[in-house]
Amino acid sequence: MAYSQKLLDYFQNPRCVGEIVDASGIAEVSNPVCGDVMKLWVKVADGRIVDAKFKAQGCSAAIATSSYATEMIIGRDVNAAKSITKEEIAEALGGLPAGKIHCSVLACDAIREALK
Amino acid sequence: MMPVFTEHFGNASSIHWFGQQAKTMIDDARSKVAKLINAETSEIVFLSGGTEADNLAIRGIAESQKSRGKHIITSQIEHHAVMHTCKDLEKQGYEVTWIPVSRDGLVDPGNIQRALRPDSILISIMHANNEIGTIQPIEEIGAIAEAADVYFHSDGVQSTGKIPVDVRRLKVDMYSISGHKIHGPKGAGALFIRKGTILKPLMTGGGHERNRRSGTENVAGIVGLGEAARLARLGLSTEMPRVEALRNRLEAGLKARIEMIHVNGEDAPRLPNTSNIMVDFAEGEGLVISLDLKGVAVSTGSACSSGSLEPSHVLTAIGKTPDEAHGSLRLSLSALTTEEDIDYVIHVLPGIVERLRELSPYYKKV
Ligand SMILES: Cc1ncc(COP(=O)(O)O)c(C=O)c1O
Ligand SMILES: [Zn+2]
């Protein structure tokens, strides 16, 4: 299998799953390439992300990157969160196989959309 | 197979004694393969596998018949070995009619009849599909081809050894076989070529295999394929009914324990060993990885795992949307599959599906 242990861990035990009732921003994005979908809820206070939750229907890479990115933005200020790149996410998870890089786009798109 | 590497290492074209020994072993393998599909020994050509068999059949006829016409009829659910070969011929000026299939994955022979033209030279329709296992009405299509005097090739890679095959009854002129699909070695295969079929070889050289396929024979591969063919023939009556019962147990067990799953091609004649199921609100690659982590090897038609990032052309052809194909799972059984294996999958898959569905933003518990 071409996935790292860390990615598999985030796929099997995803963090930050769920919904936020009083979210300040919600995004629902789908990957035009393969059809994976991610929904992200964020709660912002004083320009900082105080909570984030996600749900996703997609491949293991999509679920793992969605979970990791959601966890990553909690506590960050909005502008820093918006500047997160797909490469950063992929790298943090031990890299993605060449054909799966597009899966990490999903999380970046969702973050930008939810913080718009 | 092993003695071929250690003791009988002769070249089958040589006249010295160990060359002749190799020739005897190849001939023996040839008669075993012939027997499996009711062909004559001289009608079996050994080559590198199913892909080469498909290429030789299609390109061989396209080349030899081009003065007669350049129209080829095939289906929308062929293996890539046929599909990409036909697409390549399209680029070379051949015209291809791509016959659609029903939602059950079946070709309607009437559509073949209607597609025939005076310049048609070849019909190529697979016997059984590699993703959903549906078995095409080859005998009926064979009768149509014969009446129209058009060559008929069938890719039999999946059907050989799983269901009885009689090339005379099916009226095929060419039939592709692959070693590794019948528990034989990879890189060995055969093409049945009916006596009298005019086809231009892909390989030119020393004139091996009655001028159909030049190149020193892969003796070990051929011997392995021959033995696999012999065992497969025996297994047709002993193993396959058991495999089919296991497949049915698997599908019944999963349907009873998982909501919102569908079996593709369920109402069509199907191979005994194939099950293609569609799981709503879960994605196929995630299912495959989850099962893999539990020691179960399966595959999917999801775009996410295809490399090309396109959903399977077979699932698309049976009318599935990319979203539906996204959640497809293909489970293949064999004579080596046990009841414990099946019960294990029935035991672990519901939890995996449930977990992935819980993660889906669209799934609502019913
Ligand atoms: C229907 C079908 N045709 C052709 C092939 C290609 O056979 P091979 O791998 O021996 O080249 C396969 C193999 O997966 C197949 O399933
Ligand atoms: Zn994906």
Side-chain angles (χ1 to χ4, degrees), chain A residues 1-20 23 26-41 53-68 70 93 96-107 110 113-114, chain B residues 258-261 278-313 315-316 320-330 348-349 351-365:
Chain A
M1 199 182 302
Y3 292 136
S4 72
Q5 281 307 319
K6 186 166 176 191
L7 186 140
L8 287 177
D9 179 39
Y10 271 85
F11 167 58
Q12 291 220 283
N13 311 294
R15 287 63 148 172
C16 309
V17 177
E19 308 181 1
I20 298 175
I26 300 178
E28 187 173 330
V29 295
S30 76
N31 194 314
V33 188
C34 62
D36 292 339
V37 290
M38 175 184 178
K39 196 165 173 182
L40 177 68
W41 290 259
K53 293 251 192 287
F54 87 100
K55 283 196 167 182
Q57 185 176 320
C59 63
S60 47
I63 289 171
T65 52
S66 297
S67 170
Y68 185 80
T70 306
L93 287 172
L96 287 175
K100 306 293 292 183
I101 295 291
H102 70 274
C103 299
S104 55
V105 179
L106 202 60
E113 180 74 25
Chain B
I258 308 173
E259 284 167 340
M260 291 182 281
I261 65 169
M278 208 112 71
V279 183
D280 296 348
F281 303 111
E283 188 277 338
E285 193 257 14
L287 293 168
V288 171
I289 300 283
S290 303
L291 281 167
D292 188 30
L293 291 166
K294 296 210 179 285
V296 182
V298 302
S299 63
T300 171
S302 164
C304 257
S305 76
S306 74
S308 69
L309 295 170
E310 302 262 332
S312 135
H313 68 280
L315 298 179
T316 306
K320 301 304 172 193
T321 64
D323 268 352
E324 290 172 311
H326 211 205
S328 82
L329 210 51
R330 182 182 63 167
V348 296
L349 190 55
I352 290 171
V353 170
E354 186 59 22
R355 182 180 93 75
L356 292 180
R357 283 178 174 170
E358 296 286 340
L359 290 174
S360 166
Y362 302 140
Y363 178 59
K364 299 267 179 299
K365 256 210 173 112

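Residue numbers start from 1 in every chain, and the chains themselves are labelled A, B, ... in the order their sequence lines are given, proteins ahead of strands.
Atom NE2 of residue B:H326 and atom CG of residue A:D36 lie 4.0 Å apart, to the nearest 0.5 angstrom. Summarising the geometry, atom CD belonging to A:Q57 is positioned 9.0 Å from atom CG belonging to B:D280; distances are rounded to the nearest 0.5 Å. The distance from atom NZ of A:K55 to atom OH of B:Y363, rounded to the nearest 0.5 Å, is 10.5 Å. Rounding to the nearest 0.5 angstrom, the gap separating the CE atom in A:M38 from the OG atom in B:S360 is 13.0 Å.
The shortest distance between side-chain heavy atoms of A:E28 and B:P361 does not fall below 4.5 Å. At a threshold of 4.5 Å between non-hydrogen side-chain atoms, the residues B:L356 and A:F11 count as touching.
Of the listed residues A:C59, A:P97, A:A61, the one with more heavy-atom pairs under 4.5 angstrom with chain B than any other is A:C59.
More than 12 heavy atoms of other residues, nucleotides or ligands lie within 6.0 Å of NZ in A:K6, so this atom counts as buried by the packing criterion.
Judged by distance alone, the side chain of B:R355 and the main-chain N or O of A:Q12 form a donor-acceptor pair under 3.5 Å. Remark: the backbone N or O of A:S60 is paired with a side-chain donor or acceptor of B:E285 at under 3.5 angstrom.
Contacts between B:A282 and chain A at a heavy-atom distance below 4.5 Å involve the backbone alone (N, CA, C, O).
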